[in-house]
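Structure record follows, encoded as structure tokens.
Computed from heavy atoms alone, side chains included, the values below leave out hydrogens, waters and symmetry copies. Protein chains get the first letters and strands the later ones, always in sequence-line order, with residue 1 at the start of each. What you see is a predicted model; the values in this text were computed from it and never measured.
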Amino acid sequence: MPPHRYTPALANEIELAWQDRWEAEGTFHTPNPVGRLSEGFDRVADRPKAFLMDMFPYPSGAGLHVGHPLGYLGTDVTSRFLRMDGHNVLHPMGYDAFGLPAEQFAVQTGQHPRVTTEANIAAISAQLRRLGVDHDPRRTFATIDPGYYKWTQWIFRQIFEAWFDPETDRARPISELVTELDAGTREPAEGTLPEGRTWVQLSDVERRRVVDAHRLAYLHQAPVNWCPGLGTVLSNEEVTPDGRSERGNFPVFRRPLTQWMMRITSYAERLLTDLDRLDWSDSLKQMQRNWIGRSTGARVRFPVSGETVEVFTTRPDTLFGATYLVLAPEHPLVGELTADRWPEGTDPRWAAGADTPAEAVAAYQRQASRRSELDRQAEGREKTGVWLGVTARNPLTGADLPVFIADYVLTGYGTGAIMAVPGEDARDWDFASEFGLPVVRTVQPPADFDGGAYTGTGPMINSSNEQLSLDGLDKAAAIAKVTEWLVATGAGEATTTYKLRDWLFSRQRYWGEPFPVVYATDGEDADLPIAVPESMLPVLLPDVDDYSPTTFADDDADSQPEPPLSRATEWTTVELDLGDGPRRYRRETNTMPNWAGSCWYHLRYLDPGDDERFVDPELEAYWMGPREPGDVGGVDLYVGGVEHAVLHLLYARFWHKVLFDLGHVSSEEPFRRLVNQGYISAFAYTDARGFHVPAAEVVEEGGQFRYHGELVTREYGKMGKSLKNVVTPDEMIAMFGADTFRVYEMSTGPLDQSRPWETKAAVGSQRLLQRVWRVVVDEESGAARAADVEPDDDTSRALHRAIEAVRDGMTTLRFNIAIARITELTNHLTSACPPGTPVPRSVAEALVLLVAPLAPHLAEELWSRLGHTGSVAWASFPVADPQWLVDDTVEVAVQVNGKVRAQVAVPADADAAALEAAARADERIAGYLEGATVRRVVAVPGRLVNFVLG
RNA sequence: GCGGGAGUGGUGUAACGGCAGCCACGCCAGACUUAGGAUCUGGUGCCUUCGGGCGUGCGGGUUCGAAUCCCGCCUCCCGCACCA
């Protein structure tokens, strides 16, 4: 073997040396325009900025497999490209380190979660460094750092001390609400005043309750997802569709409990409409739209025995067809409406075998609360419910409508009550069939319609009386007309509703951010939260002996949450002076959910050491501010997995908008452009018993797969320990070096595409880098082959075409294209400049610059062997000379009736007439045209000629 | 059920509406070698009577021209799902 060949051993040597040098020289220190990190800013002051970010990892003990770095490498290549192309690039990395896995590990081992978490962070950080990523090491942090979560608590305080003003459609400080309430210029929001009282009549404590009910972060007793198996409550987003916990797969029950909530629903409309201003994939936007779930329709009020039941419907046009009402079992009016006894002749199906309506209702409510969502599904969609023993009056027809409760109506969506129209709604039809309720069709189904609920379109029928006629109208016209009637008679109005619910924000866990909240220990205000003053932040997480929340039997729905912090008794009670003298308080013992820390970390990268502010407004404006009026601003490229499509991304957008409203940031959105990287999947193999065998030891023989000679079955799926198919970056680096690993990982497809892993295919990337090396370095002597000679025209054309295509691939995140064009150029140079001949310096240098973002260590080494002393990371990326992008002559296809019959060479600037003449001159084409009638000639300069024969 | 996306060689993929399969893996052959999981060179969609013919899931349409645009099917992937 030649002494100076680019082998894996040499690659490793080069890589380690350059990684040390980058660190020592601070090559990837990104200067801020002002403040602590501004040293060196003059070097980049005239550059445009680019802020690139990855979704930061959770430091689990398992470390990284080859799938994890895909996105990190995508941003790294982009970051390096943009730096070379004249941007001031910010590409930081941090760790999302609070959360369940670390806590569970702590519970098992008795070791503090901080210890294991920090060890895991160190391990992953070393793995990332070995990949050669260009993160600014000064900007890294973890969400568990007190210097970070101090500001998470500070932001919570901002949200707590704010309310949403529906008139201006934005959050405002709560003090402004109090001022307006005191001045009488604003009425408290609906439902926040005690019955029959006004603001001026209230005591101080009563006023505090009213104000608290307006806050964006508020305590609320409501049905929540209680998971006895985990000993904690969960957000809707953390519960799977079959009613189990996303983590641990335990049953989840709906239980009324007092918990912290965040009023994200106030932002539903803005979260929805601002999606249009973002550069995100359509599918991702659609997922958020579906989650927000906007529906337009009407509220309609139905009188029921002295009360009013308000329903939400998207089909007010079918009001003539409403034949009964259904309330959710948890609806607040159920108790009041329930009749004392069953009327004569009550249908036994409606009474469910109970002696009185109250008994039937109580039994049904109990059953509904205990039934997990899973049970509901297991029973299919069979409709159940009971009658309350009362009827409502249809405001339009005056008809009596029996009022039921049933669990197919959900509390928390719309008004938690519906008008049932069995003729046009499948669920209502099923219920009506089950309970023998009448059906009135109000939309004419087509002649061949074979029964059931008709949900299609058609002219209105059976919809007329002395008050109103909708007959013959189409859906839109009928909705408009009936809505007008509802408003005129006071029976309802048009409205919009959302599927999005407020965000359940407290958890009964140890390993999370403590709330900066205390309560008085006695008095009538003892249940009212008080925010800990800014000066007392952070509220540090205390040490405890036992990290586990009290858990219960999976199915113990009646159990009560007992957070671990409630056992830290010397922490939970505290004497503070909050302005009115020292007083004893008890601390909030819930902690924040895992999502809190990731809601704002993009802002903290701008200067994680700032102890005065959560972010310097000047830095925020520079790195994230809008580029022109109306621009949303935000991170320029955010890359991460699609699994965060609704949870993290919705929460982070919400927090960012609150901070925007309160004037703390100038950007309206956190992430301007977002790309979901694909997944790397892998083959796994099972033996005859169905057990997984080590994938690395399986060999293919004639289309069959064998493990130690034994026939095995191939499966395709995730990479995982249990499937015995994990490949780690460390293994790849040992086998090939980090640069080969990077190039291979980037060469297998566009960044957003999923792809299968195939370790042995990486030799292709290895060969490419070896050829690049050989073009620049003489393998025998180790000397650079570059010489000051002019490249020939073919080489210049190959070079400049490659430059153009590589730039395109880099900006569109299609690194596979960039690598393919680099390969073509390299292959050209390999044959144009065989060993022993000189390589034009301008071409060799350009090649090194082209590969630098992809294989940075190799590029640094070659750049220095070419005589440069500075880092290639800061060299200028080549720009294509347009002169070399066009050929003097081009080969043009000649078609006859759309089929290619010949190639002719013509000058590149030949016009249509010249093209046609050249084509006709071709012998073969002349043969085709002879004796035929040419009906039409299409000649596209530079592309082709097509003769259409008659 | 509703919504979104995708179907191209044995594999990963590439093609401003303009010569389908760039670049790789694999495979075949050769060179250099004591050897090769090294390196280099060439070949590799299918059929063929060697003229050519057929090929981008299937069927239609628009167009001089369709992998690409439109319509209808089929298959696969993802998300949501009793949301009134």
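The side-chain contact (heavy atoms from CB on, under 4.5 Å) with A:Val743 is formed by just one residue from the set A:Leu858, A:Ile822, A:Leu769, A:Val851; it is A:Leu769.
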Quick test: give all pairs of protein nitrogen or oxygen and nucleotides 21-25 of chain B nitrogen or oxygen below 3.5 Å, distance rounded to 0.1 Å.
{"from": "B:rC22", "atom 1": "O2'", "to": "A:Arg821", "atom 2": "NH2", "distance (Å)": "3.1"}
{"from": "B:rC22", "atom 1": "O2'", "to": "A:Glu824", "atom 2": "OE2", "distance (Å)": "2.4"}
{"from": "B:rC22", "atom 1": "O2", "to": "A:Arg821", "atom 2": "NH2", "distance (Å)": "2.5"}
{"from": "B:rA24", "atom 1": "OP1", "to": "A:Asn827", "atom 2": "ND2", "distance (Å)": "2.6"}
{"from": "B:rC25", "atom 1": "OP1", "to": "A:Arg767", "atom 2": "NH1", "distance (Å)": "2.5"}

Produce the list of close N/O pairs, under 3.5 Å, pairing protein atoms with atoms of nucleotides 1-9 of chain B; give distances to one decimal.
none

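For A:Arg943, the side-chain contact (heavy atoms from CB on, under 4.5 Å) partners are A:Val940, not counting sequence neighbours. Residues meeting the side-chain contact (heavy atoms from CB on, under 4.5 Å) test with A:His644, sequence neighbours left out: A:Met55, A:Trp595, A:His648. Legend: residues meeting salt bridge (charged side-chain N to carboxylate O under 4.0 Å, His left out) with A:Arg801, ordered by chain and number and at least two apart, are A:Asp887. Take A:Leu437 and apply the side-chain contact (heavy atoms from CB on, under 4.5 Å) test, not counting sequence neighbours, and it matches A:Tyr324, A:Trp350, A:Pro402, A:Phe404, A:Phe431, A:Ala432, A:Phe435. Remark: A:Arg299 engages A:Glu310, A:Glu493 in a salt bridge (charged side-chain N to carboxylate O under 4.0 Å, His left out) (not counting sequence neighbours). By the salt bridge (charged side-chain N to carboxylate O under 4.0 Å, His left out) test, A:Arg714 is found to be paired with no residue, residues two or more places apart in sequence or in another chain being considered. Taking A:Ser295 as the reference, A:Tyr413 meet the side chain to side chain donor-acceptor pair (under 3.5 Å) condition, with sequence neighbours excluded.
Remark: the separation of the P atoms in B:rU13 and B:rU62 is 34 Å, to the nearest Å. Nucleotides B:rG60 and B:rC76 are separated by 23 Å at their P atoms, to the nearest Å. Rounded to a whole angstrom, the distance from the P atom of B:rU56 to that of B:rG9 is 10 Å. Nucleotides B:rG72 and B:rG3 are separated by 13 Å at their P atoms, to the nearest Å. For B:rG26 and B:rG7, the P atoms lie 26 Å apart once the distance is rounded to whole Å. A distance of about 13 Å separates the P atoms of B:rU39 and B:rA24, rounded to the whole Å. Comparing B:rU8 with B:rG79, their C1' atoms sit 27 Å apart, to the nearest whole Å. Separation of the P atoms belonging to B:rG10 and B:rU44 is 15 Å when rounded to the nearest angstrom.
At the heavy-atom level, A:Arg801 lies nowhere under 4.0 Å from the strands shown. Counting non-hydrogen atoms under 4.0 angstrom, A:Thr497 reaches nothing in the nucleic acid. Residue A:Arg714 is classed as having no contact, given no heavy-atom separation below 4.0 Å to the nucleic acid. Counting any heavy atom pair closer than 4.0 Å across all strands shown, A:Asn946 reaches a base atom. Among the protein residues, A:Val938 comes within range of the nucleic acid bases, having at least one heavy atom under 4.0 Å from a base atom. Residue contacts shown for A:Ser295 are limited to sugar-phosphate atoms, with no base heavy atom under 4.0 Å away. The residue A:Gln770 sits close only to the backbone: its heavy atoms come under 4.0 Å of sugar-phosphate atoms, none of a base. Counting non-hydrogen atoms under 4.0 angstrom, A:Arg299 reaches nothing in the nucleic acid. Backbone-only engagement by A:Pro750 is indicated by non-hydrogen atom pairs under 4.0 Å involving sugar-phosphate atoms exclusively. Backbone-only engagement by A:Val900 is indicated by non-hydrogen atom pairs under 4.0 Å involving sugar-phosphate atoms exclusively.
Spacing between atom CD of A:Gln895 and atom P of B:rG17 amounts to 16 Å, rounded to whole angstrom units. Rounded to whole Å, the distance from CD on A:Glu643 to P on B:rC77 is 19 Å. Separating the CZ atom of A:Phe736 from the C1' atom of B:rA38 is a distance of 12 Å, rounded to the nearest angstrom. Taking atom CH2 of A:Trp280 as the reference point, atom P of B:rC78 lies 22 Å away to the nearest angstrom. With rounding to whole Å, A:Gln766 atom CD is found 15 Å from B:rG37 atom P. Rounded to whole angstrom, the span from the CG atom of A:Leu751 across to the P atom of B:rA14 amounts to 13 Å. In this structure, CD of A:Gln753 is placed 16 Å from P of B:rC77, rounded to the nearest angstrom. With rounding to whole Å, A:Asn897 atom CG is found 17 Å from B:rC19 atom P.
Of all nucleotides listed (B:rC40, B:rG53, B:rG37), B:rG37 comes nearest to the side chain of A:Met735. Distance from the side chain of A:Leu410 is smallest for B:rA84 among the nucleotides B:rC80, B:rG18, B:rA84.
Applying the salt bridge (Lys or Arg N to Asp or Glu O under 4.0 Å) test to every pair with at least one member in residues 754-775 of chain A, sequence neighbours left out, gives these pairs: A:Arg774-A:Glu779.
Stems are defined here as 3 or more consecutive Watson-Crick or G-U wobble pairs with pairing distances under 3.5 Å; those involving RNA chain B are B:1-7 with B:74-80, B:10-12 with B:23-25, B:26-31 with B:39-44, B:45-47 with B:52-54, B:57-61 with B:69-73.
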Are A:Asp407 and A:Lys383 close enough, and set up right, to give a salt bridge (Lys or Arg N to Asp or Glu O under 4.0 Å), and what steps lead you there?
-> CA-CA 8 Å; A:Asp407 63 8; A:Lys383 296 292 180 285; over 6 Å; no

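One finds no side-chain N or O of A:Arg755 lying less than 4.0 angstrom from the OP1 or OP2 phosphate oxygen of B:rG12.
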Show me, pair by pair, the donor-acceptor contacts under 3.5 angstrom made by side chains of residues 312-322 of chain A, not counting sequence neighbours?
{"from": "A:Thr313", "atom 1": "OG1", "to": "A:Arg315", "atom 2": "N", "distance (Å)": "2.8"}
{"from": "A:Arg315", "atom 1": "NE", "to": "A:Asp317", "atom 2": "OD1", "distance (Å)": "3.1"}
{"from": "A:Arg315", "atom 1": "NE", "to": "A:Asp317", "atom 2": "OD2", "distance (Å)": "3.3"}
{"from": "A:Arg315", "atom 1": "NH2", "to": "A:Asp317", "atom 2": "OD2", "distance (Å)": "3.1"}
{"from": "A:Thr318", "atom 1": "OG1", "to": "A:Arg315", "atom 2": "O", "distance (Å)": "2.7"}

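Classification of B:rG17 as anti follows from a glycosidic angle more than 90° from 0. Base orientation of B:rG53: anti (glycosidic angle beyond 90° from 0).
The closest donor-acceptor contact from the side chain of A:Asp502 to the backbone of A:Thr265 lies under 3.5 Å.
Each of A:Val940 and A:Asp425 was assigned the nucleotide of RNA chain B with the nearest heavy atom; the assignment lying further toward the 5' end belongs to A:Val940.
At a cut-off of 3.5 Å, with distance as the only test, no side-chain donor of A:Tyr408 or A:Asp430 sits close to an acceptor on the other residue. Neither side chain, A:Tyr685 nor A:Glu697, offers a donor N or O lying under 3.5 Å from an acceptor on the other.
Taking the six-membered ring for Trp and the full ring otherwise, the centers of A:Trp757 and A:Tyr744 sit less than 6.0 Å from each other.
With hydrogens and angles ignored, a donor-acceptor pair under 3.5 angstrom links the side chain of A:Lys383 to the base of B:rC82.
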